[in-house]
Each structure stands twice: as structure tokens, then as C-alpha cells.
Amino acid sequence: MEILNWKELLYPYEQAVAELKVKMEYIMKEYKRFGLYCPIESVSGRIKEPSSIIGKAKKKNVPVEKIEEEIEDIAGIRIICQFAEDIQKVISLIRRRDGNDLKIIEERDYIENTKPSGYRSYHIIIRYPVNSVSGYREVLAEIQIRTLAMNFWAVNEHTLNYKYKGNIPPEIRERLKNCAEAAFNLDNEMSTIRNEIIYAQKVNMRMDSVISDIIDNIQNMYFKLRLSDVEKINKQFVELWNKGDIEELEKFSAKLKEMTEPYRR
Ligand code: 0O2
């Protein structure tokens, strides 16, 4: 195989992964900012190792000069969702960007069409534009979308595949298939209490936000009011906090905001 300038080859992929990660993280931030449930649990990205690129090129009979065109996952982004239903939402969010900041080349649904190994995940192959000081380029990238349970299985299976160089012993393969089945059932079971969990997450977010507002306001009062008055307010806050009633805490927070309004001008 011809010698490649790996640094030069991989740089635009590195940039693509970094930009795509930031874009996904901003989607997450936007959901949080509006107090909405976010279909993305976490995002990660990686550049494929040169040894792994060479291995894949050899396996697929791809000549060096065609690596960039034919190895689609040199740049990879992984989006993890809490629930199987969220995957569809994430797919829609990505499809909406098609023709804007990325171009969808292919979609592979390994959830509907589970691989014989038991692998489940949704893949979207994209073409992504990279602008750098050396000019404009387009690179291929693979976006993998899967649930926490699907990921748990895939990460462990990948480790075993690496150890056994793709020849996992049949008894372990069998166990992995059982694990894939268990992960599938876990996703289904979790889906039945999805609404309950989403509601609980929203209440937790409201609680975090109201408590940090109250603490900020009380903090400011220490500079403006008499110490004994602030301590009285602090005591009321601790009592409400112990009760844990979100509505009462929100009313209390609104009252404090009103009280501190004149100092903020
Ligand atoms: P890595 O180390 O994760 O980068 P192929 O080699 O034909 O299976 P192809 O044609 O590039 O792969 O596309 P495919 O099948 O969509 O798979 C691309 C990636 O999906 C793989 O990259 C894995 O990350 C993941 N994947 C696919 N099948 C499996 C599987 O059975 N188990 C696990 N754990 N992951 C899988 P790489 O290059 O194989 O590996």
C-alpha cells in the first residue's frame, strides 16, 4: 500500500467531527434553554485510527487513492438517545439540515434490519463541507444514532470483536445474541414509562432552575437588606425547600424577584 500523508488526510475529518459535535451540542442546549425534553442524551465523535482505515480498505479492496471516496466512516459522530422513540426525532433533525450544512448520502436502518450479530443502530452517511485555510473540501462522515441500551451492547461486542479479531467463539456469540435480545427488551420496557420519566426530568429541571434563581436573589439581598431580614427569608426558603413543593417554590421565587427588582435597576 502506498504511503499516505495521514496528517494532511485526517485534518479535514478532524475539523468535520469537531464542528458536527458542536452543532449537536447546540441542539441539546436549545432544548434545555426552552425547558424541553431533549431527544439527544449525549454526543461523541472520533476519527478512525490509520491502522483501522488501512484494515477496512484492505478488507473492502479499496485502493489508497479511493480511501476518501469509499471509506465512509473516517469521521464518525455517535448520538446516544435515552429512548428508542427519540431516534426518529434525531433522524428528523438531521434530515431537516439536508442541503443546508450537510448532504445526506445514505441511510442504513440496522434497527429495523438488525444485523446477524445482534447490532442495532441507525446510520446516516453524510457529505460535510469543510472550510480551512487551505481551501474548501467535502468529506464523508457517518452519524450513528442509537439508544443507551443499543450502545451498551455495541461497545461490549466491539471490544470482544477486537480481542478475537472478528472470530468470537460460538458460545460467546450466543451469549451476545441473548444480550442483544435483552437490550431490545429493555428499550421496549423503558418506552412504556417514557412519559413518566420525561415528566420527572422536566420537574427536576424546573426545580434546579427555581432553586438557583432563589439562591441568586438571596445572595444579592445580603448586600442590600438588613442581615436579620435576609436570614428570615433564608429560613423561609429552607422550610419550602424541605417541603419540596415546586409550585410554592416558584411563587416564593417570584416574590423575591419583585423584592429585589428595585436594586437591579
Ligand atoms: P469502528 O471501529 O467502530 O470504526 P462493514 O465493515 O461492511 O460492516 P460498513 O460497510 O462501513 O461496515 O458499514 P456499516 O455496516 O454501516 O458499519 C459501519 C460501522 O458500524 C462499523 O465501523 C461499526 O462502528 C458499526 N457496526 C456495524 N456492524 C457492527 C456490529 O456488528 N457490531 C458493532 N459493535 N458495531 C458494528 P467499523 O469500521 O466496523 O468499526
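Start at 1 and go down the list; that is how both ligands and their atoms are numbered.
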Check each N or O atom of ligand 1 against all protein N or O atoms and list the pairs under 3.5 Å, with atom names and distances to 0.1 Å, one per line.
unit_1	atom_1	unit_2	atom_2	d
ligand 1	2 (O)	His158	NE2	2.8
ligand 1	3 (O)	His158	NE2	3.4
ligand 1	4 (O)	Arg46	NH2	3.0
ligand 1	4 (O)	Lys48	NZ	2.6
ligand 1	6 (O)	Lys59	NZ	3.1
ligand 1	8 (O)	Lys115	NZ	3.3
ligand 1	10 (O)	Lys60	NZ	2.7
ligand 1	11 (O)	Lys56	NZ	2.6
ligand 1	13 (O)	Arg108	NH1	3.2
ligand 1	15 (O)	Tyr110	OH	3.1
ligand 1	15 (O)	Lys115	NZ	2.5
ligand 1	16 (O)	Arg108	NH1	3.1
ligand 1	16 (O)	Tyr110	OH	2.9
ligand 1	16 (O)	His123	ND1	3.1
ligand 1	20 (O)	Gln144	NE2	3.3
ligand 1	22 (O)	Asp73	OD2	3.3
ligand 1	24 (O)	Gln144	NE2	3.2
ligand 1	28 (N)	Lys115	NZ	3.1
ligand 1	31 (O)	Ser117	OG	2.8
ligand 1	32 (N)	Glu157	OE1	2.7
ligand 1	34 (N)	Ala154	O	3.1
ligand 1	34 (N)	Glu157	OE1	2.9
ligand 1	38 (O)	Lys48	NZ	2.4
ligand 1	38 (O)	Lys56	NZ	3.0
ligand 1	38 (O)	Asp73	OD2	3.4

Problem set entry | Lys/Arg N to Asp/Glu carboxylate O, Glu49 vs Lys56, below 4.0 Å |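 Result for this pair is no, no salt bridge flagged.
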
Problem set entry | salt_bridge(Lys243, Glu248) N-O dist < 4.0 Å |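 Salt bridge present between Lys243 and Glu248.
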
For this session: Report yes if the side chains of Leu140 and Ile74 come closer than 4.5 Å at any heavy-atom pair, otherwise no.
Result: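 Counting from C-beta outward, Leu140 and Ile74 never come under 4.5 Å.
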
For this session: Kindly assign one of parallel, tilted or perpendicular to the pair Phe237 and Phe252, based on the angle between their ring planes and the thresholds 30° and 60°.
Result: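 Answer is parallel, since the angle falls under 30°.
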
Exercise. Just by distance, with hydrogens left out, do Tyr128 and Asp101 show a side-chain donor and acceptor under 3.5 Å apart?
Worked result: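 No - no donor-acceptor pair under 3.5 Å links their side chains.
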
Exercise. Using a distance-only test with no angle check, is there a side-chain donor-acceptor pair under 3.5 angstrom linking Asn185 and Glu189?
Worked result: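 The criterion, which ignores hydrogens and geometry beyond distance, is not satisfied for Glu189 and Asn185.
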
